[in-house]
There are 2 protein chains.
Amino acid sequence: MTRNVRTYNHFCLTARTLELVGDRWVLLVIRDLLTGPKRFTDLMERLGGITPKTLTQRLRELEDAGLATADREPGRREVKYQLTAAGQDLGPVVDALSWWGLRHAWRRPQPGEPLHAEHLLRSVAQAIDNTAGDHDPARWLFRFPGDDYLVECDGDRWSLTGTDPQARADVTVTATVEAFARFLFTPPGAPEPDIDIAGDPTAVQRFKHLIGAMASVVGPM
Amino acid sequence: MTRNVRTYNHFCLTARTLELVGDRWVLLVIRDLLTGPKRFTDLMERLGGITPKTLTQRLRELEDAGLATADREPGRREVKYQLTAAGQDLGPVVDALSWWGLRHAWRRPQPGEPLHAEHLLRSVAQAIDNTAGDHDPARWLFRFPGDDYLVECDGDRWSLTGTDPQARADVTVTATVEAFARFLFTPPGAPEPDIDIAGDPTAVQRFKHLIGAMASVVGPM
DNA sequence: CTGGATCCATGATGATACTG
DNA sequence: CAGTATCATCATGGATCCAG
């Protein structure tokens with residue numbers, strides 16, 4: 001395997017970091033590992049379009065750089081990749097890119113653009129975190145076919161986390177990914193088909209209000 | 001010219017942003033434009049290693065994306081490139097990369113690694129901003145052969161800015177880039193050759209203290 | 001089935017030289 | 001000064017195949 005070792009040779013922290021995470025796909029692999037350990041095929045699915053060759057190469061580079069580790073337990077087929085502490089520290093980089101995108105590069109889903117729950121919810125958490133003044137604690141559980149996610153506010157920041165089975169949520173949303181995407185762009189008061197929003201009425205109202213505020217900020221999606 | 005149009009096709013703000021600024025060299029061009037307008041050859045010099053062909057292509061892409069503009073005045077050979085407001089909003093992305101690099105990817109200058117004043121001072125500003133508790137206002141003017149820079153704290157954040165001719169600095173440092181780099185790693189109290197540090201004694205002492213604190217945090221450079 | 005590896009095509013980047 | 005032109009190389013994509 002030809003390992004990528006291109007450098008910039010600048011005495012500069014930004015350049016040095018980009019030598020490690022600047023290659024195509026790398027920050028997207030990290031984005032998807034930020035919500036918890038994933039298997040090779042989990043990553044393939046989320047990173048729609050990456051080839052197995054490139055994903056393998058990127059994962060080996062992340063291991064070499066000390067940003068991720070591979071859990072290969074004997075007797076188990078699955079290989080679980082997860083971020084090291086240094087890898088998790090790249091969260092602010094991913095968030096900074098996302099926040100810029102929300103302000104300057106947002107656009108409607110393109111025709112044929114696959115929709116992944118994790119990416120959609122990350123955008124939602126990002127938008128609420130940066131545009132709403134409301135940072136009171138909250139726990140929203142999303143139950144999509146196949147996997148669950150938690151969007152929560154710890155009193156300071158809104159973020160997307162993997163599911164904690166112990167979690168008790170204020171609001172539980174059950175829907176398909178497509179139905180939830182449609183809901184995001186449903187005007188307030190309109191009927192909300194194919195989506196179930198359960199929880200304390202006050203919490204549900206707050207949920208709808210924050211989603212509505214987000215949609216209005218983001219503009220003409 | 002073959003224009004780069006590779007996309008990720010994810011419905012994701014991070015991926016969308018990386019489609020615009022994720023290509024090799026792009027964020028480094030932005031890094032160097034963040035301190036003010038630059039000419040083609042200014043950028044060539046700072047981006048040591050980039051080829052003119054690639055730089056031309058990147059600048060055209062930045063123009064197409066609305067991140068930079070080219071000032072071509074008739075009768076003048078010089079072309080000045082500068083960031084748009086959207087381009088300047090990428091500052092936090094560059095800073096996030098830099099801050100991660102300070103914690104996880106720092107290393108001594110490699111043999112033969114060119115040293116540029118702007119990159120060196122950006123690292124200094126980054127390190128002080130993130131590691132020192134001192135965020136009182138300050139203005140440090142650096143006079144290097146060829147160009148001047150201002151490292152300042154506005155009461156909240158330390159940053160590197162282009163030179164404002166009106167600026168009245170607390171501390172004025174006159175040296176070569178190499179002498180200043182040596183000074184950074186000089187133990188406190190040791191002689192400081194080939195560097196002139198002028199200003200109010202209190203301000204100079206604060207300057208030396210913050211530089212010393214930075215060097216100790218950054219570790220075994 | 002998961003987690004890759006292999007082969008080939010193409011396009012992006014690099015090196016060097018040259019020009020309006 | 002601000003790029004082009006040409007050629008070489010390397011990274012990535014697409015498709016297919018394979019071993020546990």
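Below, all heavy atoms of this structure are taken into account, side chains as well, without hydrogens, waters or symmetry copies.
- With rounding to whole Å, B:Ile50 atom CD1 is found 7 Å from C:dG14 atom P.
- Across the protein-nucleic acid pair, B:Leu55 atom CG and C:dT13 atom P stand 13 Å apart, rounded to whole Å.
- Between B:Thr54 and C:dG14 there is a side-chain polar atom (N or O) within less than 4.0 angstrom of OP1 or OP2.
- For B:Glu192, the side chain to side chain donor-acceptor pair (under 3.5 Å) partners are B:Lys208, not counting sequence neighbours.
- Although no hydrogens or angles enter the test, the distance criterion places a donor-acceptor pair under 3.5 Å between the side chain of A:Thr84 and the main chain of A:Gly87.
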For side-chain contact (heavy atoms from CB on, under 4.5 Å), just list the numbers for B:Leu47 and B:Asp32, CA-CA rounded to whole Å, side-chain angles, deciding distance to a tenth of an Å, and then say yes or no. CA-CA 8 Å; B:Leu47 292 165; B:Asp32 287 338; 3.5 Å; yes
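- Residue A:Glu78 has its side chain nearest to C:dG3 when only D:dA2, C:dG3, C:dC8 are considered.
- B:Asp71 has its CG atom 16 Å from the C1' atom of D:dC1, to the nearest Å.
- The CD-P distance, from A:Glu73 to C:dT2, rounds to 18 Å in whole Å.
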Could you list the protein-to-nucleotides 17-20 of chain D atom pairs, N/O on both sides, closer than 3.5 Å?
from: D:dG20; atom 1: N2; to: A:Arg77; atom 2: NH1; distance (Å): 2.9
from: D:dG20; atom 1: N2; to: A:Arg77; atom 2: NH2; distance (Å): 2.3

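- For the side chain to side chain contact (heavy atoms under 4.5 Å, CB included) criterion with B:Val21, the lone passing option out of B:Val26, B:Val94, B:Val29 is B:Val26.
- Using a 4.0 Å heavy-atom cutoff across all strands shown, B:Arg72 reaches sugar-phosphate atoms only and no base atom.
- Between B:Lys38 atom NZ and D:dC1 atom P the separation is 16 Å, expressed in whole Å.
- The CG atom of A:Leu59 sits 8 Å away from the P atom of C:dG4 (whole-angstrom rounding).
- Classification of B:Asp129 and B:Arg157 as a salt-bridged pair holds, one side-chain N sitting under 4.0 Å from a carboxylate O.
- Between the base of C:dG14 and the side chain of B:Lys53 there is a donor-acceptor pair shorter than 3.5 Å.
- In this structure, A:Arg77 has no salt bridge (Lys or Arg N to Asp or Glu O under 4.0 Å) partners at least two apart in sequence or on a different chain.
- Take the nearest nucleotide of DNA chain D for A:Trp25 and for A:Pro52: the residue whose nucleotide is more 5' is A:Trp25.
- Distances shorter than 4.0 Å separate some side-chain N or O of B:Tyr81 from OP1 or OP2 on D:dG3.
- Axis orientation changes by 40° from one end of the helix from C:dC1-D:dG20 to C:dG20-D:dC1 to the other, with each end axis drawn from 5 pairs and the value rounded to 10°.
- Between A:Trp140 and A:Phe180, the ring centre distance reaches or exceeds 6.0 Å.
- OP1 or OP2 of D:dA11 has not a single side-chain nitrogen or oxygen of B:Arg24 nearer than 4.0 Å.
- Against DNA chain D, the stretch residues 39-47 of chain B makes heavy-atom approaches under 4.0 Å through B:Arg39, B:Phe40, B:Thr41.
- Among the nucleotides C:dG3, D:dG3, C:dA12, the one closest to the side chain of B:Arg60 is D:dG3.
- No donor-acceptor pair closer than 3.5 Å links the side chain of B:Arg139 to the backbone N or O of B:Thr172.
- The CD atom of B:Glu61 sits 12 Å away from the C1' atom of C:dT13 (whole-angstrom rounding).
- Under the side chain to side chain donor-acceptor pair (under 3.5 Å) criterion, A:Asp147 pairs with A:Tyr149, not counting sequence neighbours.
- When A:Lys80, A:Gln82, A:Arg39 are each tested for a side chain to side chain donor-acceptor pair (under 3.5 Å) with A:Asp71, only one passes: A:Gln82.
- Relative orientation of the B:Trp25 and A:His10 rings is tilted, given thresholds of 30° and 60° on the angle between their planes.
- Following rounding to the nearest Å, B:Gln57 (CD) and C:dA15 (C1') show an atom-to-atom distance of 16 Å.
- Side-chain N/O atoms of B:Ser159 and B:Glu152 include no donor and acceptor closer than 3.5 Å.
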